[in-house]
Amino acid sequence: MTRVFVPRDAASLALGADAVAAGLAGTGAQVVRTGSRGMFWLEPMVEVETPAGRIAYGPVRAADVSGLIAAGLLAGGAHPLRLGRPEDIAFLAGQTRFTFARCGVVDPGSLDDYRAAGGLKGLARALEIGPAATVAEVTASGLRGRGGAGFPTGIKWKTAADATAPRKFIVANADEGDSGTFADRMLMEGDPFALIEGMAIAGLAVGATNGFVYTRSEYPHAIAAFERALTAARAGGLLGADVLGSGVTFDITQRVGGGAYICGEETSLLDSLEGRRGQVRAKPPLPAIKGLFGAPTVINNVITLASVPFILAEGAPAYQGVGYGRSRGTMPIQLAGNIRHGGLFEAGFGLSLGEIVEDLGGGTATGRPVRAVQVGGPLGAYFPPALFDTIFDYEAFAARDGLIGHGGVVVFDDSVDMARQARFAMEFCAVESCGKCTPCRIGSVRGMEVVDRILAGRDVDANLELLRDLCETMKFGSLCALGGFIPYPVMSALTHFPEDFHRPALAAA
Amino acid sequence: MPEYPPWNADRAASIIEQYRHHEGAALPILHALMEAFGHVPEPAIPLIAEALNLTRAEVHGVASFYHDFRRDPPGRHVLRLCRAEACQAMGADCLHDAARDRLGIGWHETTADGAVTLEPVFCLGLCAVAPSGMLDGAPLGRLDPAALNATLDTALEGAR
Ligand SMILES: Cc1cc2nc3c(=O)[nH]c(=O)nc-3n(C[C@H](O)[C@H](O)[C@H](O)COP(=O)(O)O)c2cc1C
Ligand code: SF4
Ligand code: FES
């Protein structure tokens with residue numbers, strides 16, 4: 001029977017993929033649900049298996065199905081929606097897919113599919129070379145944490161490996177709260193075994209037998225896909241008392257967050273896992289020494305962990321050889337907001353922001369000029385096109401008072417009001433503050449009021465001065481990066497778009 | 001769309017019993033209660049406190065810290081609309097004005113006939129198909145007022 005592939009990625013579902021799958025199921029084809037390749041302007045994208053490889057069609061609506069079948073879709077026939085071989089689509093052909101190689105290709109519920117597509121080689125190698133060499137391999141790869149801070153993963157693992165304790169934990173941070181990011185979600189829905197394999201390798205490397213995945217509740221489809229994968233992994237001997245027949249024990253429990261942004265911060269996440277309010281803990285002690293339930297804990301972002309199987313399977317030089325400066329390997333860049341080609345583009349570090357927005361992204365979806373690009377989520381700076389030469393690299397963004405965070409790139413056209421964006425940043429901080437320190441808890445509320453006065457055109461110069469002072473206080477007086485980095489979007493808006501803040505006074509009512 | 005049963009202490013007790021022995025059981029218990037009752041009923045708080053050896057105030061503190069745990073039952077449908085930046089860039093603010101107008105309610109409110117609860121959310125990971133939302137757990141992308149109205153019409157008709 002001919003196999004057709006239809007994504008079950010949440011963003012594809014949002015565009016009607018289920019109805020397309022239902023339509024295709026009635027045509028005698030075998031419908032396989034996959035993740036997404038990450039080209040959302042082409043979703044729902046259907047692929048059919050032919051002797052010449054897979055042929056893609058998209059964007060397909062349910063109403064298109066009968067016409068596509070009549071045109072011979074099941075044999076890869078011609079049709080205006082025919083895209084050809086997916087690998088030849090420029091957006092995919094230009095990528096370096098190390099971590100997302102299987103996403104959108106395989107059945108995410110099938111461990112056999114995963115193995116057939118090259119999965120489990122990394123874990124097999126880690127079992128062969130042992131814990132110390134595994135940590136050394138990760139260190140040599142240059143991999144840095146993809147959750148935002150960019151801390152070297154090998155060093156974190158070494159710290160946990162060197163700690164002696166009756167038990168240790170591996171925690172995957174799947175809280176992915178940054179607007180404009182969806183890489184963790186796509187991976188958990190499209191290739192969840194990569195995360196499981198990465199966590200098992202981490203467990204082996206540091207001597208942990210238990211893992212937790214903390215997934216945000218806003219991701220019901222990722223939660224379900226990951227649960228299915230956990231069940232398959234236990235049944236297939238990838239998890240449990242005898243991982244791949246090695247005698248090593250490792251198992252994973254998924255826990256669901258409570259809708260609090262701050263629980264993406266690692267110490268707050270650990271408190272939440274322990275059943276408490278997700279409040280930030282002061283460091284030290286580092287989680288790698290005293291983390292979950294007081295035990296040494298490696299906490300890594302989903303993408304960090306899912307990048308490890310490739311590194312072990314192909315060797316550190318294969319990963320380390322790609323990248324820019326001290327940012328080694330690849331990053332899944334997520335193109336979002338007002339952008340023509342929204343999606344996920346995995347590439348080595350080193351592209352310029354302009355290349356990302358204009359060449360890959362194709363400019364705005366509305367066709368209007370780009371005015372601002374926020375990189376790195378709600379704590380990231382807004383960049384004007386004048387700074388499009390900034391290189392996508394941890395250090396280059398930091399040098400321009402920005403951050404790459406988890407790799408989200410959110411594009412705005414010229415209708416954006418940057419003073420309102422500054423207000424939103426303060427509002428977001430006020431809503432999501434964990435409440436532990438005053439500059440964040442109170443400062444954000446004050447910040448909202450100050451921007452409101454600016455928006456109303458009241459004493460603009462004095463209030464701008466106040467806003468700058470407030471940002472300084474928050475930057476230096478906050479315990480964590482929520483209060484500490486919210487000044488980035490605010491100050492970048494003010495610095496690069498001052499005209500939006502100098503408003504005429506509103507007539508008194 | 002879920003129809004939630006009234007408070008039932010036995011049901012709550014058995015849910016709590018199912019999780020109490022897990023380390024860090026509070027969130028799993030609260031989520032399971034949400035699933036069963038659509039909210040965290042007040043009388044569940046002392047039951048959780050006793051099972052986990054915490055004070056009532058501590059359990060309250062946990063439940064109220066997280067945006068997810070409602071104190072009151074929701075309407076028959078829950079509409080969540082994303083308020084975060086990528087959705088703003090695609091006109092979320094106008095969409096939200098239209099949604100509030102149509103439903104005649106604000107954020108966190110339920111229509112008088114108990115049909116729809118409107119909740120804000122900061123990012124659903126659907127930022128490449130913005131503006132986005134979720135109706136009863138089903139993801140919605142590239143929303144505009146007309147598409148949202150059509151989706152609501154279909155859902156509300158199904159209820160009749
Ligand atoms: C306010 C705040 C929110 C964060 N949210 C996330 C998140 O959603 N996902 C994530 O992986 N890291 C997040 N982080 C970073 C984590 O604290 C931590 O650095 C990360 O999980 C470590 O993993 P990595 O080294 O693999 O990046 C956040 C940090 C802060 C300060
Ligand atoms: S900066 Fe804000 S979120 Fe971070 S610890 Fe302080 S109050 Fe909590
Ligand atoms: S910002 Fe709205 S879905 Fe991510």
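In the text below, chain A, chain B and the rest are named by the order of the sequence lines, each starting its count at 1.
Contacts between A:Phe293 and chain B at a heavy-atom distance below 4.5 Å involve the side chain alone, from C-beta outward. If you measure heavy-atom distances from B:Met34 to chain A, you find no contacts under 4.5 Å at all. The contact between A:Arg216 and chain B is made entirely by side chain atoms (from C-beta outward), counting heavy-atom distances below 4.5 Å. For B:Ser64, the part sitting under 4.5 Å from any heavy atom of chain A is the side chain, from C-beta outward, and nothing else. Within the 4.5 angstrom heavy-atom criterion, no atom of A:Gln334 approaches chain B.
With contacts defined as side-chain heavy-atom distances shorter than 4.5 Å, the pair B:Phe65/A:Ser272 does not qualify. Within the 4.5 Å cutoff, the side chain of A:Phe424 has no heavy atoms near those of the B:Asp93 side chain. Two residues are said to be in side-chain contact when any heavy atoms from C-beta on lie closer than 4.5 Å; A:Ser179 and B:Gln88 fail this criterion.
Each salt bridge (Lys or Arg N to Asp or Glu O under 4.0 Å) pair with one or both residues in residues 421-435 of chain A, not counting sequence neighbours, appears once here: A:Arg423-A:Glu427, A:Arg423-A:Asp452, A:Glu427-B:Arg83.
You'll find the ring centres of B:Phe122 and A:Phe428 inside the 6.0 Å limit.
Put simply, the side chain of A:Arg255 gets close to the backbone of B:Gly24: a donor and an acceptor are under 3.5 Å apart. Between the side chain of A:His221 and the backbone N or O of B:Ala138, no donor-acceptor pair lies under 3.5 Å.
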